[in-house]
Amino acid sequence: MTHPDLIAKYGGPVPRYTSYPTAPHFHGGIGPRTVRDWLQASRGEASVYIHMAYCKQLCLYCGCNMKVTNNLNVVSSYVEVLMAEMRMVAEPLPERLEVSTLHLGGGTPSYCPVSDLEQLIAVMRDIFMVRYGAEVSMEIDPRQLAEGMPEALGQLGFNRASLGIQDTNPEVQKAIKRVQPQEMNRRAVRLLRDAGVRNINVDLLYGLPLQTPETIRRTIDDVLELKPDRIALFGYAHVPWMKKHQVVLENYGMLPCAAQRMVMFDTAAEALKQAGYLAVGLDHFCLPSDPMGQALQQDGLHRNFMGYTTDAAPLMLGFGASAISQYRDGYAQNVSSPTEYMALVKNHELPVVRGIRMTGQDHARRAVIEQLLCSQKATAPDLTDLLVDSVRLKDLIGDGLVKWQGESLYVTEKGRPFVRVVASCFDAYVQPEGRYSKAI
Ligand SMILES: C[S@@+](CC[C@H](N)C(=O)[O-])C[C@H]1O[C@@H](n2cnc3c(N)ncnc32)[C@H](O)[C@@H]1O
Ligand code: SF4
């Protein structure tokens, strides 16, 4: 079967599996009372995610949960509420948890005034014990990197920064309303590294309007000049039914189709491999010296709401609007709207509005799906019992995308782009007509 045939057969909508069960299956039956019980049973190590909900401008492709504001007082009030939420979450905890990973995402955390950020980190360090050597990272929009921010990040212990670059072609940048000259990227990387934030990640997108394999190739050359430690090469998720502003991107004619997207991904992946980067999971690349490269070689790679991670902490606490927490017994998500989030916390209520309690089978299936997404193989004594869609798996095997070897299931090199489809064979919740983004 040729690539276009495979795309036609398997390229339909499928979850991204940053959790299992995935977020569309969370429901309103999980609220503050359940979460208080889950917190009371939480001990040991945790990773912490803080969602900074605001940006200065809207990028037309954006699929993140964010609001635009030009008023920094709004951002400062939000940070006040984040600190209040942290104190509220700390109350039921039986002990001071040890933090192995701290990540500030968004929205645009680098848009936050330095003084607010300093207070936030101080409160977080007061409540939790940040482990020596923990990964402390922040998503940075190079267009919103105020003077003094790189130095403040270095002093606050940040050791990794993820820069949103997306594409360096000026025409593509105009189309997506994100004009960001390469000199701005160079400056951000230089200032951050000089300030001690040594590890640099870069986010790129393929599948945007006006992109071609040639423009992608040039973007990769620009990015290689920055010598990032990790690169995330995300397929643009076009979900205009959820993010209305994305519709504008359809004015540039047809968005790249699945076959074109695949050529773009392959072009970028090949260039990155030639430059010495290792391919990690679905869409990441890293230098062999990066902890992710080492984790890859030692089966230590994991996947959670932050995407691929080296962090193995089974407990993840998410703070801020829309943030998701992962407990031993299930997931809980905060209300998405920053306004509603702030109102609930100010009213001394945990802002949790949905989630899901996990069954024993959910735990077993999550382990299989995580193995597939991280290492393109799954091993479990009861693998066939966990299978939900054996017909589809048989098809995938027949088309040479997966194969059994003893008790293990392997995704072949040809099957690698379709690993989410393989994972969906073990998903007891997936709906064939569900509104997920496309597999390719
Ligand atoms: C919260 S944003 C990054 C931080 C910062 N706001 C910025 O844009 O530089 C995280 C990343 O999500 C990715 N992203 C945003 N919208 C997306 C979409 N519709 N499909 C796929 N990835 C998307 C982008 O690569 C972006 O850098
Ligand atoms: S991509 Fe980043 S900067 Fe752009 S709107 Fe989304 S979160 Fe904000």
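Counting starts at 1 for both ligands and their atoms, in listed order. When a residue number appears, it is its place in the shown sequence, counting from 1.
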Atoms of ligand 1 close to C62 [distance to a heavy atom under 4.0 angstrom, numbered from 1]: 16 (N)
Distance (rounded to the nearest 0.5 Å) between M66 CE and S322 OG: 11.5 Å
Options G307, G235, G63, A237, ranked by nearest heavy atom to atom 16 (N) of ligand 1, top entry: G63
Per-atom contacts of ligand 1 with G106, taking only distances under 4.0 Å to non-hydrogen atoms: 1 (C)
For D141, atoms of ligand 2 separated by under 4.0 Å from a heavy atom: 3 (S)
Atom 5 (C) of ligand 1: the protein heavy-atom neighbour that sits closest, reported with distance to 0.1 Å: G107 O, 3.7 Å
Closest protein heavy atom to atom 24 (C) of ligand 1, given as residue, atom name and distance to 0.1 Å: Q166 OE1, 3.3 Å
Top protein contact for atom 4 (Fe) of ligand 2, by heavy-atom distance: C59 SG, 2.3 Å
Polar side chain donor-acceptor pair, Q173 to R178, under 3.5 angstrom: no
Donor-acceptor under 3.5 Å (Q246 side chain, Y61 main chain): yes
Backbone or side-chain N or O of C55 under 3.5 Å from ligand 1 N or O: no
Closest protein heavy atom (residue, atom, distance) for atom 6 (Fe) of ligand 2: C62 SG, 2.3 Å
Numbered atoms of ligand 1 (with element) below 4.0 Å of Q246, judged on heavy atoms: 19 (N)
Subset of ligand 2 atoms that lie under 4.0 Å from at least one heavy atom of Q57: 5 (S)
Nearest option to atom 7 (C) of ligand 1, as decided by whichever heavy atom of Q180, K243, Q144, R178 sits closest: R178
Numbering as shown, the atoms of ligand 2 that approach G107 to under 4.0 Å (heavy-atom distance): 7 (S)
Y308 side chain reached by M292 side chain, heavy atoms, under 4.5 Å: yes
Protein contact of atom 1 (S) of ligand 2 - nearest heavy atom, named by residue and atom, plus distance: Y61 OH, 3.2 Å
Side-chain ion pair, K174 and E171, N-O less than 4.0 Å: yes
Numbering as shown, the atoms of ligand 1 that approach D141 to under 4.0 Å (heavy-atom distance): 7 (C), 9 (O)
Nearest-option assignment for atom 2 (S) of ligand 1, heavy atoms, candidates M242, E139, M306, H238: E139
Pair D229 + R198, salt bridge at N-O below 4.0 Å: no
Taking atom 11 (C) of ligand 1 as the reference point, the nearest protein heavy atom with its distance: D203 OD2, 3.4 Å
Any K56 side-chain heavy atom under 4.5 Å of T108 side chain: no
Nearest option to atom 2 (Fe) of ligand 2, as decided by whichever heavy atom of K67, R178, Q180 sits closest: R178
Closest approach of any protein heavy atom to atom 19 (N) of ligand 1, naming residue and atom: Y61 O, 2.9 Å
Protein heavy atom at shortest distance from atom 23 (C) of ligand 1: L205 CD2, 3.8 Å
Per-atom contacts of ligand 1 with G164, taking only distances under 4.0 Å to non-hydrogen atoms: 9 (O), 27 (O)
Donor-acceptor contact below 3.5 Å, side chain T412 vs main chain L401: yes
Which residue and heavy atom of the protein sit nearest atom 3 (S) of ligand 2, plus the separation: T108 OG1, 3.5 Å
Atoms in ligand 2 flagged as close to M66, the criterion being non-hydrogen separation under 4.0 Å: 5 (S)
Residue C55, metal atom 4 (Fe) of ligand 2, N/O/S under 2.8 Å: no
